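All values derive from a computational prediction rather than experimental measurement. Computed over heavy atoms, backbone and side chain alike; hydrogens, waters and symmetry mates excluded.
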Amino acid sequence: MTRSLASVLAACLISACSPWDRRQPDEYDLDFDIPRTEALADVLSDYGLYEEPLAALQPAKGVLPYELSSELFTDYAQKQRLLRIPEGTSISSTDLETSEFPEGTVLVKTFYYPGRILETRLLIKTAGLWNVATYLWNAEQTDAALLLTGTTTEVAWTDEAGASGTTDYVVPHEGECVTCHQRNDAAAYIGPTLTNLNRTVMRDGIALNQLEYLEARGVLDERDERVVPTVVDYRDATLSLERRARAYLDINCAHCHNPEGWDEVSEREIDFRHATPLNRTGLERKADEMARVLEDGEMPYLGTTLLHDEGIQLVLDYVDTL
């Protein structure tokens, strides 16, 4: 898969409607080579991921919900995350950050606002490769159609403090999906690492550890969850500033800013992954630059049209201590 930071910027500038002006180079390379090993369905309902009516977002039999301790910010959209793997198979973990998902795995993320489901994004593992697909929900909320070219749509949002407004929400095209969802030049998942899954969830009215729940359902190889570190919820103000800020950077920035991310980005010697020791992250060296690009709205390049005021303030408070 060919890639460049120029491609990333171009994809963003073409589709994102932002309340700030991004700094724009003069030329961009739009040539993305995206391998596809899955024949994508025309409509979401063909995958059998939901019970009818689809708008209830009730997972079908064999489709399991999962939750992350630290979640990506996407213009205050709410998200439902689901997992389906073929019966009789399981997920094996080689380390805390990467897992081997079996052939035929489907990872599902649906974005919605109160009263309106917008899009469902799929990662489908076929012939050893992850295939990306985005499905745009119709106005009747009865199904969603495959959309690989991206679009924008106006939505009403409410932030964590109760303030509200509207924005031109960006549904990404396939190039933008792979731009963020990649590792070592191949499409990859971002969220469901062991450290981000190691949290308490409610299942059938019972609070339990999510790793234990997935193990009990036979979809995750057994491990001692007590030795798995936990990425904290960065919204939890009772926790330390450092843990919250590192969790925020991990889920919102580290998929690009790590040695296995974009070639041109990785050359900057920045590694925001949660497990990376502070002295190897580049945070201390880049603190002033980070503060500037966040306040100016230059980062993130993709995935948002709104400044995440709460997240930006969290990171700014943290880098001020370095």
Side-chain angles (χ1 to χ4, degrees), residues 1-3 32-50 57 59-68 71-72 79-111 119-136 144-148 172-198 210-211 213-215 217-223 251 254-256 258 260-262 273 303:
M1 174 172 52
T2 59
R3 58 181 182 172
F32 275 89
D33 178 19
I34 304 175
R36 178 169 297 128
T37 53
E38 169 75 15
L40 301 175
D42 291 332
V43 290
L44 183 64
S45 56
D46 284 351
Y47 290 102
L49 298 167
Y50 294 105
L57 297 183
K61 182 179 179 180
V63 181
L64 299 179
Y66 71 90
E67 300 170 36
L68 304 180
E71 296 187 351
L72 181 74
K79 299 162 190 173
Q80 180 201 54
R81 295 173 173 85
L82 303 174
L83 162 72
R84 184 176 70 190
I85 67 172
E87 187 175 356
T89 66
S90 61
I91 305 164
S92 60
S93 296
T94 54
D95 57 47
L96 297 176
E97 299 299 324
T98 57
S99 295
E100 185 63 32
F101 286 81
E103 186 77 4
T105 293
V106 182
L107 296 175
V108 186
K109 185 161 65 171
T110 295
F111 297 70
E119 58 164 325
T120 295
R121 302 179 193 175
L122 304 183
L123 277 172
I124 307 170
K125 189 172 184 181
T126 306
L129 296 177
W130 288 103
N131 296 259
V132 301
T134 298
Y135 289 83
L136 183 68
L146 179 65
L147 180 70
L148 299 178
H173 61 68
E174 59 178 343
E176 292 173 312
C177 291
V178 175
T179 294
C180 291
H181 282 271
Q182 62 173 269
R183 185 183 301 121
N184 292 326
D185 294 327
Y189 64 89
I190 294 175
T193 63
L194 288 184
T195 52
N196 216 353
L197 293 171
N198 190 18
Q210 183 167 230
L211 295 183
Y213 166 76
L214 294 173
E215 291 165 8
R217 296 299 297 264
V219 301
L220 178 65
D221 288 353
E222 292 187 6
R223 68 206 63 254
I251 193 62
H255 49 273
C256 301
N258 77 83
E260 298 174 355
W262 303 334
R273 290 176 296 183

_Run Val108 and Tyr50 through side-chain contact (heavy atoms from CB on, under 4.5 Å) and show every step you take._
CA-CA 11 Å; Val108 186; Tyr50 294 105; 4.0 Å; yes

*Measure the spacing between OG of Ser99 and CG of Asp221 and express it to the nearest 0.5 Å.*
9.0 Å

*Determine, stepwise, if the pair Thr110 / Leu57 fulfils side-chain contact (heavy atoms from CB on, under 4.5 Å).*
CA-CA 9 Å; Thr110 295; Leu57 297 183; 4.2 Å; yes

*asked:* For residues 120-130, which residue pairs pass the salt bridge (Lys or Arg N to Asp or Glu O under 4.0 Å) check, not counting sequence neighbours?
replied: Glu100-Lys125, Glu119-Arg121

*Please test Leu107 against Leu83 for side-chain contact (heavy atoms from CB on, under 4.5 Å), starting from the C-alpha separation and ending with a verdict.*
CA-CA 5 Å; Leu107 296 175; Leu83 162 72; 3.5 Å; yes

*To the nearest 0.5 Å, tell me how far Leu214 CG sits from Ile85 CD1.*
9.0 Å

*asked:* Determine whether a donor-acceptor pair (N or O, by modelled atom type, separation under 3.5 Å) exists between the side chain of Tyr189 and the backbone of Trp130.
replied: no

*Does some side-chain heavy atom of Ile190 sit less than 4.5 Å from a side-chain heavy atom of Ile251?*
yes

*Would you find a donor on one side and an acceptor on the other, under 3.5 Å apart, between the side chain of Asp46 and the backbone of Ala41?*
no

_Please give me the minimum heavy-atom distance between Gly218 and Ser90, naming the atom from each residue._
O-CB, 3.6 Å

_For Ala127, give me all partners under side-chain contact (heavy atoms from CB on, under 4.5 Å), at least two apart in sequence or on another chain._
Thr37, Glu103

*To the nearest 0.5 angstrom, please state how far the CG atom of Leu44 sits from the OG1 atom of Thr120.*
5.0 Å

_pair Leu40-Ile124: side-chain heavy atoms closer than 4.5 Å_ = yes

*side-chain contact (heavy atoms from CB on, under 4.5 Å) between Phe101 and Val219: does it pass, once the steps are laid out?*
CA-CA 10 Å; Phe101 286 81; Val219 301; over 6 Å; no

*Give the minimum heavy-atom separation between Pro59 and Leu82, together with the two atoms involved.*
CG-CD2, 3.7 Å

_Shortest non-hydrogen separation from Ala133 to Leu146 and the atoms involved_ = CB-CD1, 4.0 Å

*If you measure from CG on Leu123 to CD on Glu38, what distance do you get to the nearest 0.5 Å?*
11.5 Å

_Any donor-acceptor N/O pair, Tyr135 side chain to Leu122 backbone, under 3.5 Å_ = no

*Between CG of Leu211 and CD of Glu222, what distance do you get to the nearest 0.5 Å?*
12.0 Å

*Go through the structure and list residues passing side-chain contact (heavy atoms from CB on, under 4.5 Å) with Arg81, not counting sequence neighbours.*
Tyr66, Leu68, Glu71, Lys79, Lys109

*When you measure from the side chain of Gln210 to the backbone N and O of Leu197, does any donor-acceptor pair fall under 3.5 Å?*
yes

